[in-house]
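To start, the structure under review is shown below, and the notes come after it.
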Amino acid sequence: MKRITILAAIIILCMTASSAKVQKHSVSSPDDKIKVTVSLADGITYDVHYGNELVLSGCRMSLDVNGKVLGSTPSLKSVNRKSVDRVKRPLLHLKYAEVPDRFNQMTLKMKGGYSIEFRAYDDGIAYRFVTDLGGKVEIDNEDISIFFPEETDLVLQQCDRFRTSYEERYTFVKASDWKESQKMAHYPILAITAKGTKVLMSESDLIDYPAAFFRSNDANGFTAVFPKVPAKEKPRSDKSNDILLSEKYIAKTDGTREFPWRYFVITADEAGLVETTMTCRLARDCKLDDVSWINPGQASWEWWNGAIPYGPDVDFKAGLNVETYKYFMDFASRYGIRYIVMDEGWAKDNMDPFTPNPDCDLHEIIAHGNKVGVEVILWLTWRCVEENPGLFAKFAEWGVKGVKIDFMDRSDQWMVNFYERSVKEAAKHKLFVNYHGAYKPAGLEYMYPNLLSYEGVTGMEQMGNCKPENSIYLPFIRNAVGPMEYTPGAMNSMQPDNYSARRPNSGSIGTRAYQMALFVVFESGLQMLADNPTLYYNNDDCTRFITSVPQLWDDTKVLSAKLGEHLVVAKRNGDEWFIGGISAEHKEPIEMDVPLDFLPEGRSLTITSFEDGINADRQAMHYVKKSREVHKGDTIRIRMMRNGGYAAVIK
């Protein structure tokens, strides 16, 4: 009996000693609804509560630097706290002209030359490593291990390798069913807890560092994996390289620096996902002194329609030639479209940006654009940009206004640095950039606001593979983290059961009203009009609406949202409000009454709407245009058919 008592006492003492080693430090959001608790013991872990719900449990973090794991045996030197309440005013304001940036921050300074900063916002949390090691260091790995305490649904894009253009369709898995042996995923990732709380995960301030990918950890969660730094490459084509050999590390970087933010938007409803500005809030401030030359806008794009207009006024052989591009410019000028894109084929050789193809007198085209008020964007491969360091200066001399850089299809440290180098160099010559074949936005667009958009999406160039059942998730996930080049604007609209289209007679899945609403719903500093000028001329009322939609917004309000089913938003630019609604596949029409409480008091306004026709569920081209007088407090009726939409302007 005495031996049992002594043994019990020893066990209690060991447990007490063990628990004493665990240090806990917490920081809560300004509204006290979100709380992150960090535990320091043999490693660093954290839990996140949303109200009374534990949404993340025992998540791990560490940083492997020069063979030493920062965070494996943390020794705390100090805890510093601060509260911040400020307003950001980004040039590329895709949701709000003014972005409130209000948070409580806790900085854990450790022995060993590193700290970890945690921020708690009213709509989420974020953390990052900060090191003070000096010199250059090799980062062997970063442990980002996420664990969910209960069964959790995931919506993510999965890939089987690091070479990806981030264009995968969404897949839907339970965290417990996703196995380590299965495909990876990349940011952004949406988790939905058993109680319905939504957690959107991504990164910001991605500078001189690879993008994060994830594999299941077979423990109801997932763990980060990173592409390593390429050591040896060889050209695969004029568009890409093969990586023959990689270094052992994921980054070689400054030893004194701030690492990317890992963030989690946490919300009970879907509106919080659509309205989030977390990437902006965590991004670095603008690096450019003069931004007056940067002009977001729309662009007429010839690739999707094969560059073959065919109206009665077309009396020339259409193609990649002077006559066709002038025709596109005249179309753009008529509707106030600021740019045209000259895609692959404008140059004689993809690796020689200084020699246009013989049928494409670039100087004559630009001169014509100057006469009609339309500017030129030139398509390039990233290899061409990298191997021709003087091309941006030459383009500026010619009068080119922007570049569309394509086929990066990687997000290792070298390629992430290429994005920053190229957009910075473009800014020196007052050129804007649109990245195609790109990873998702991660804050660079706020440092260099001449970066107007990224692709990284299953967009309309995918033709029949671009379906509303996938696109309905984009405002809640991909577009929630930053600008998105989806290339909307199809005038040939079809339902999926009768879809048949190919270039040059391209078409889209979804109703005409759905296509028009995409210009309001989707956010991009450069918004394409993908279809043929001939079709836009033939659908003048639709064309006049979509070309009136701004790219920058002063205010955004979600009017109704259900993940995977529908979204209706209202957005304001100046005194004008636009409403956009989109829906996915559903048997019965989605109907709702929407109060116009956001309108100004005492003004009589006119709403002009484009709505699904009664037969749009079978003939997707069927739409109805309506106009009526409205006032603050009035209610409008919105009815969306399968794969349908609603588009309106109030002024």
Side-chain angles (χ1 to χ4, degrees), residues 17-30 32 34-49 56-86 101-121 124-147 203-209 212 224 226 249-264 278 281-285 443:
S18 176
S19 63
K21 292 180 182 178
V22 179
Q23 301 179 55
K24 292 183 180 291
H25 302 274
S26 299
V27 61
S28 297
S29 58
D32 284 325
I34 295 174
K35 179 180 180 182
V36 56
T37 301
V38 184
S39 298
L40 308 179
D42 294 332
I44 303 173
T45 63
Y46 62 94
D47 301 336
V48 179
H49 280 85
L56 299 173
S57 177
C59 299
R60 293 196 314 262
M61 65 174 69
S62 65
L63 190 67
D64 297 15
V65 183
N66 289 342
K68 182 179 179 181
V69 181
L70 305 183
S72 62
T73 54
S75 179
L76 184 65
K77 289 179 66 176
S78 63
V79 180
N80 298 312
R81 298 177 182 274
K82 68 176 182 179
S83 296
V84 174
D85 189 356
R86 61 191 177 195
D101 189 25
R102 182 169 175 255
F103 59 88
N104 293 326
Q105 180 167 305
M106 174 178 70
T107 301
L108 304 179
K109 188 172 184 179
M110 308 292 187
K111 294 180 180 178
Y114 73 101
S115 302
I116 306 172
E117 295 178 353
F118 289 87
R119 289 184 182 178
Y121 294 85
I125 66 114
Y127 77 84
R128 69 175 173 187
F129 278 90
V130 179
T131 55
D132 187 16
L133 302 172
K136 289 288 184 180
V137 296
E138 294 176 0
I139 309 298
D140 301 313
N141 191 34
E142 180 183 352
D143 185 8
I144 309 171
S145 290
I146 308 301
F147 300 96
E203 57 191 343
S204 187
D205 197 24
L206 181 65
I207 302 295
D208 194 28
Y209 203 76
F226 293 88
Y249 47 83
I250 65 172
K252 189 169 186 177
T253 188
D254 293 333
T256 299
R257 62 162 292 176
E258 297 164 334
F259 286 81
W261 287 103
R262 313 302 176 191
Y263 74 71
F264 306 78
M278 192 68 85
R281 283 175 277 166
L282 294 169
R284 300 185 193 188
D285 291 336

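Nearest heavy atom pair, residue R284 against residue E258, reads NH2-O, 4.0 Å. Considering all non-hydrogen atoms of both residues, L40 and L108 come closest at CD2-CD1, 4.4 Å. Closest non-hydrogen pair, S204 versus A283, comes out as OG-N, 3.5 Å. Minimum interatomic distance between W261 and D205 (heavy atoms only, all atoms of both residues): CD1-CB, 4.0 Å. When all heavy atoms of G112 and L133 are compared, the pair lying nearest together is O-CD2, 3.5 Å. Across all non-hydrogen atoms, the minimal contact from E203 to A212 is OE2-N, 3.4 Å.
Distance CG/D101 to CZ/F103: 5.0 Å, rounded to 0.5 Å. Note that OG of S83 and CE of M106 are 12.5 Å apart. Values are rounded to the nearest 0.5 Å. The CZ atom of R128 sits 12.5 Å away from atom CD1 of I116, with the distance rounded to the nearest 0.5 Å. For the atom pair F129 CZ and S62 OG, the distance stands at 6.0 Å (nearest 0.5 Å). Atom NZ of K68 and atom CG of L63 lie 12.0 Å apart (nearest 0.5 Å). Considering CD of E138 and NZ of K252, their distance stands at 5.5 Å, rounded to 0.5 Å.
The side-chain heavy atoms of E117 and Q105, taken from C-beta on, include a pair separated by under 4.5 Å. The shortest distance between side-chain heavy atoms of I125 and I34 falls below 4.5 Å. I146 has its side chain out of reach of R60: every pair of non-hydrogen atoms, C-beta onward, lies at least 4.5 Å apart. Two residues are said to be in side-chain contact when any heavy atoms from C-beta on lie closer than 4.5 Å; V79 and T107 fail this criterion. In this structure, I44 and V38 have side chains that are in contact, with non-hydrogen atoms separated by less than 4.5 Å. By the 4.5 Å heavy-atom criterion applied to side chains, L70 and Y114 are counted as neighbours. I139 places none of its side-chain heavy atoms less than 4.5 Å from the side chain of F226.
Checking S39 against K24 by side-chain atom types alone, a donor-acceptor pair falls below 3.5 Å. Side-chain contact check for T37 and D47: no donor-acceptor pair (N or O, by modelled atom type) lies under 3.5 Å. Under the 3.5 Å distance criterion, with hydrogens and angles disregarded, no donor-acceptor pair is assigned to the side chains of D254 and T256.
Within 6.0 Å of atom NZ in K111, 12 or fewer heavy atoms from other residues, nucleotides or ligands are found, so the atom counts as exposed in its surroundings.
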Under the criterion side-chain contact (heavy atoms from CB on, under 4.5 Å), I'd like the reasoning laid out for V48 against K35: C-alpha separation, chi angles, the key distance, then a yes or no.
CA-CA 6 Å; V48 179; K35 179 180 180 182; over 6 Å; no
Worked verdict on F118 versus N104 for side-chain contact (heavy atoms from CB on, under 4.5 Å):
CA-CA 8 Å; F118 289 87; N104 293 326; over 6 Å; no
Going through the distances and angles, do V137 and T253 end up as a side-chain contact (heavy atoms from CB on, under 4.5 Å)?
CA-CA 6 Å; V137 296; T253 188; 4.2 Å; yes
Check against side-chain contact (heavy atoms from CB on, under 4.5 Å), M61 and D143:
CA-CA 5 Å; M61 65 174 69; D143 185 8; 5.9 Å; no
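Taking the centre and axis of the six-membered ring of Y121, the NZ or CZ atom of R281 falls inside the cone set by 45° and 6.0 Å. Under the 6.0 Å distance and 45° angle rule, R257 counts as a cation-pi partner of F259.
Between R262 and E142 there is a salt bridge, with a side-chain nitrogen of the basic residue lying less than 4.0 Å from a carboxylate oxygen of the acidic one.
In this structure, the ring of Y263 has its center no less than 6.0 angstrom from the ring center of Y127.
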